[in-house]
Amino acid sequence: MTKALLDKIVDLAVRRGIFFPTAEIYHGPAGFYDLGPLGSLMKHNIIQYWREFFILRETKINIYEIDGSIILPYTALKASGHVDKFTDPKTECRRCGRIYRADHLIEEVISISVEGKSLEEIEGVIAEHNIRCPSCGGELGEIKPHHLMFKTEIGAAGEVAFLRPETAQNIFLDFKRVYYSMRCKLPFGIAQVGRSYRNEISPRQSLFRLREFTQMEIEMFIAPEDLNTHPSFDEVRDVKIRILTREEQLKERPEVVEISAKDAVEEGVVPNQYMAYYLARETQFYMSLGIPFESIRFRHLLPEETPHYSGGNFDLEVRFSFGWKEIVGNAYRTDYDLSTHSRFSGEELAVQHNGRKVTPHVIEPSFGIERTLYALLEFSYSEDERGWPVLKLPRRVSPVKAAVLPLMRKDGLDEKAYSIYSSLRRVPNPCYVVYDDTGSIGRRYARADEIGVNLCITIDYQTLEDDTVTVRDRDTKQQIRVKASELMDIITKDTLRPVIG
RNA sequence: GCGGCGGUAGUCUAGCCUGGUAGGACGCCAGCCUGCCACGCUGGUGACCCCGGGUUCAAAUCCCGGCCGCCGCACCA
């Protein structure tokens with residue numbers, strides 16, 4: 001049996017500087033990863049491509065990007081519901097020390113839901129029904145909160161604050177400022193790329209369950225009566241999306257429904273055009289990054305998986321080697337966030353629309369960057385006929401666009417190659433090009449393939465005569481001979497080349 | 001957090017049972033060689049054997065605790 005794909009990718013990632021555990025030399029805690037030089041380049045490329053795809057390309061609706069504070073005060077997260085919602089009641093057996101989720105235990109034993117009840121009330125239920133440790137029968141201790149948010153303190157007074165559990169909250173908190181400063185009109189969007197924090201009980205699967213991660217989010221603000229009139233919907237109406245409906249999930253063998261964006265709205269499979277628009281755009285986005293259509297699906301979360309105010313959540317799941325996993329969450333948050341923040345803060349967060357006050361409804365696509373990055377690695381990992389790894393990354397997001405290689409390190413080939421390399425770096429808006437003259441040419445091609453270098457530019461004896469070079473394509477291994485002066489243009493065109501298939 | 005398994009140079013690994021402080025391969029670096037897909041030669045680099053404690057004259061090896069990883073359970077906006 002060959003090594004699992006995840007192991008191969010983690011091995012490659014650590015060895016070649018894509019990602020590795022944080023504070024590794026001190027055996028750091030689980031759930032934290034640093035991106036290395038190549039991972040960092042990939043992340044930047046993914047973010048920039050996402051901006052172009054979801055923000056800049058959107059000309060009929062303005063989307064404004066902000067960059068908010070990671071530390072948020074207690075009051076803001078109390079209002080948003082996170083202080084209560086992001087806390088699990090836990091209890092420890094006084095005899096054997098096992099720890100249980102108190103709410104789950106109660107539901108399991110006496111089939112009563114204690115959702116929304118306070119810790120004292122939950123304790124009362126346990127005492128009243130004499131619920132004991134299911135493992136040893138011992139008495140259960142007092143109910144304590146387990147915070148899924150990282151708690152911290154501000155200043156000398158020690159004001160309680162938290163690291164934000166989602167980037168979305170800054171957007172709601174800044175809503176009024178953005179609205180007035182940018183003279184917004186509904187519909188419009190506010191986007192943010194940044195770190196979020198969740199103190200997971202047990203992080204797993206490398207980049208998948210992190211305690212610190214990066215989100216790319218958009219909150220689209222829409223008048224409720226306009227939810228079915230997205231101005232660009234015609235552009236995606238025929239785009240096919242794959243949906244795992246609630247009904248299908250309850251079946252023995254669930255089947256994905258393949259449906260056009262337009263039909264999905266008309267048949268009520270998704271709640272509105274705005275949601276359908278994003279499901280379609282996300283399908284296009286990930287397909288353009290090399291994820292096959294059949295390996296993408298949107299799972300309509302079951303009612304018990306979503307908050308009470310949700311108008312429908314659709315997770316974009318990708319078929320990984322270890323199963324279907326969420327990499328994007330799409331939530332119809334109704335007007336819940338703006339309404340509750342308005343109520344708690346006393347600020348008016350309704351806006352003028354068609355001559356009256358409206359509290360906008362919100363459609364939120366929320367992308368996980370680390371998960372996206374891992375997905376790209378998994379879907380681009382391949383091995384050639386000799387068993388050597390080749391990362392067939394989408395040209396657009398691969399970390400290194402070209403490597404300049406002298407065929408031999410003698411006879412002036414190296415000087416010539418170095419000067420070509422320099423000229424490619426010293427241009428306006430340069431891309432990432434590297435130089436390598438160590439080892440045989442074959443070894444250097446292999447090293448480049450392993451990290452997904454799009455093109456290898458080789459300087460040989462003919463270059464010294466007529467200033468032409470060979471350009472080798474990573475995926476086909478085909479070489480063409482071109483003029484050195486055309487290289488920049490060739491690299492740029494190659495970088496923007498769409499994924500085939 | 002619970003249970004099972006594991007942790008030896010950057011990577012893979014021998015040694016562990018049957019204590020005597022580590023050997024290989026690949027990589028990496030330097031030089032030679034090399035006229036297009038991990039060539040070859042020479043030299044070199046690199047491991048307080050995951051951490052802490054215990055047993056012992058002596059611990060990579062045996063025992064205990066911890067950390068991290070994998071699998072299962074539980075958890076997972």
Side-chain angles (χ1 to χ4, degrees), chain A residues 3-4 6-8 10-17 20-32 36 80-82 85-86 88 90-93 96-101 103-105 108 134-136 146 148-149 164-169 196-206 208-211 213 215 217 301 305-307 310 313 315 322 325-326 329-331 333 364 366 368 384-390 405-411 413 438-450 456-464 469-472 474 477-479 481:
Chain A
K3 213 169 162 187
L6 181 121
D7 292 334
K8 287 183 177 183
V10 169
D11 176 70
L12 176 62
V14 170
R15 207 157 36 78
R16 298 303 307 270
F20 32 75
T22 295
E24 202 178 5
I25 60 171
Y26 290 108
H27 318 99
F32 298 92
S80 70
H82 286 94
K85 189 180 72 187
F86 259 62
D88 294 333
K90 65 181 176 189
T91 179
E92 188 176 348
C93 172
C96 70
R98 283 172 192 272
I99 292 173
Y100 299 95
R101 278 280 299 267
D103 52 341
H104 288 222
L105 190 60
E108 207 172 288
S135 177
C136 76
H146 173 78
L148 290 173
M149 288 196 291
R164 65 185 177 195
E166 57 176 9
T167 51
Q169 287 309 316
S196 292
Y197 300 80
R198 290 174 197 180
N199 200 0
E200 298 283 353
I201 294 171
S202 63
R204 286 272 168 97
Q205 279 160 329
S206 76
F208 258 84
R209 288 270 296 283
L210 296 171
R211 290 185 165 129
F213 55 99
Q215 294 182 297
E217 285 195 325
L301 298 192
E305 295 179 293
T306 56
S310 170
N313 285 51
D315 280 358
F322 43 88
K325 296 284 177 187
E326 177 205 356
N330 294 283
R333 299 175 75 133
E364 172 199 84
S366 173
D384 67 13
E385 58 281 357
R386 294 157 295 198
W388 303 335
V390 182
L405 316 167
L407 185 61
M408 236 95 47
R409 191 167 44 184
K410 64 174 188 184
D411 301 332
L413 289 173
T438 309
S440 72
I441 189 68
R443 178 188 297 267
R444 283 175 276 158
Y445 287 146
R447 273 202 294 250
D449 285 345
E450 197 179 37
C456 285
I457 296 159
T458 306
I459 280 63
D460 58 14
Y461 286 95
Q462 195 177 328
T463 311
L464 301 178
V469 299
T470 62
V471 176
R472 169 189 180 271
R474 178 195 66 204
K477 311 245 192 297
Q478 296 299 306
Q479 284 180 304
R481 185 166 282 277

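Since we're looking at a predicted model, the values are computed, not measured. Numbered from 1 within each chain, the chains take letters A, B, ... in sequence-line order.
- Evaluation of the side-chain contact (heavy atoms from CB on, under 4.5 Å) rule for Ser440(A) yields Arg443(A) as partners, not counting sequence neighbours.
- When both distances must be under 3.5 Å, the Watson-Crick or G-U wobble mate of G43(B) is C29(B).
- As rounded to the nearest Å, U55(B) and C63(B) have C1' atoms that lie 7 Å from one another.
- Counting only heavy atoms from C-beta outward, the side chains of Arg211(A) and Thr22(A) never approach each other to under 4.5 Å.
- Using a 4.5 Å heavy-atom cutoff, the side chains of Glu450(A) and Leu12(A) are in contact.
- What separates CG of Leu148(A) from P of C76(B) is a distance of 8 Å, to the nearest Å.
- Here, U42(B) and C51(B) have their P atoms 35 Å apart, quoted to the whole Å.
- Across the interface with RNA chain B, nearest-nucleotide mapping of Gly31(A) and Asp315(A) shows Gly31(A) to be the residue nearer the 5′ end.
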Nucleotide N/O of nucleotides 40-51 of chain B paired with protein N/O under 3.5 Å:
unit_1: C50(B); atom_1: O2'; unit_2: His27(A); atom_2: NE2; d: 2.7

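- Arg444(A) is linked by a salt bridge (Lys or Arg N to Asp or Glu O under 4.0 Å) to nothing, counting only residues two or more places apart in sequence or in another chain.
- Nucleotides C12(B) and G69(B), compared at atom P, are 16 Å apart to the nearest Å.
- For C62(B), the paired base is G54(B) (Watson-Crick or G-U wobble, both distances below 3.5 Å).
- Counting any heavy atom pair closer than 4.0 Å across all strands shown, Arg209(A) reaches a base atom.
- Separating the CG atom of Leu210(A) from the C1' atom of C76(B) is a distance of 13 Å, rounded to the nearest angstrom.
- Atom pair Asn199(A):CG and G1(B):C1' shows a separation of 13 Å (rounding to whole Å applied).
- Residues forming a side chain to side chain donor-acceptor pair (under 3.5 Å) with Arg209(A) (at least two apart in sequence, or on another chain): none.
- Between the P atom of C29(B) and the CZ atom of Arg444(A) lies a distance of 12 Å, rounded to the nearest Å.
- Under the rule for a side-chain contact (heavy atoms from CB on, under 4.5 Å), the partners of Val14(A) that lie at least two apart in sequence or sit in another chain are Val10(A), Phe20(A).
- Rounded to the nearest Å, the gap between the P atom of C70(B) and that of G31(B) is 41 Å.
- Residue Glu326(A) is classed as a base contact, given a heavy-atom separation below 4.0 Å to a base.
- Spacing of P atoms, C17(B) relative to C28(B), comes out at 36 Å, to the nearest Å.
- Rounded to whole angstrom, the span from the CG atom of Asp449(A) across to the C1' atom of C37(B) amounts to 8 Å.
- Across all strands shown, G1(B) is found opposite C73(B) as a Watson-Crick or G-U wobble partner, with both distances under 3.5 Å.
- Straight-line distance from the CG atom of Asp11(A) to the P atom of G69(B): 17 Å, rounded to whole Å.
- Summarising the geometry, the separation between CZ on Phe32(A) and C1' on G69(B) is reported as 16 Å, rounded to the nearest angstrom.
- Straight-line distance between the P atoms of U18(B) and C62(B): roughly 9 Å, to the nearest whole Å.
- OP1 or OP2 of C28(B) sits under 4.0 Å from a side-chain N or O of Arg447(A).
- In this structure U21(B) sits in no base pair that meets the Watson-Crick or G-U test at under 3.5 Å.
- For G46(B) and C29(B), the P atoms lie 15 Å apart once the distance is rounded to whole Å.
- By the side-chain contact (heavy atoms from CB on, under 4.5 Å) test, Ala448(A) is found to be paired with Val453(A), Cys456(A), residues two or more places apart in sequence or in another chain being considered.
- In this view, Phe208(A) and Phe320(A), Phe322(A), Tyr374(A) satisfy the ring pair (Phe, Tyr, Trp, His ring centres under 6.0 Å) rule, not counting sequence neighbours.
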>> Each nucleotide in nucleotides 30-36 of chain B should get exactly one letter: B, S or -. Can you fill that in based on protein heavy atoms under 4.0 Å?
In response: ----BBB
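- Closest-nucleotide positions on RNA chain B for Arg15(A) and Pro165(A) were compared, and the one nearer the 5' end corresponds to Arg15(A).
- With both ends at atom P, the span from G4(B) to A38(B) equals 47 Å, rounded to whole Å.
- Taking a pair to require two hydrogen-bonding distances under 3.5 Å in either a Watson-Crick or a G-U wobble arrangement, U34(B) remains unpaired.
- For the side chain to side chain donor-acceptor pair (under 3.5 Å) test, residues two or more places apart in sequence or in another chain that qualify with Arg164(A) are Asn170(A), Gln192(A).
- A straight line from CZ of Phe322(A) to P of C70(B) spans 11 Å, rounded to a whole angstrom.
- Across all strands shown, G6(B) forms a Watson-Crick or G-U wobble pair with C68(B), both key distances being under 3.5 Å.
- The shortest side-chain heavy-atom distance between Leu413(A) and Thr463(A) does not fall under the 4.5 Å cut-off.
- In this structure, the side chains of Arg472(A) and Thr458(A) stay at 4.5 Å or more apart for every pair of heavy atoms.
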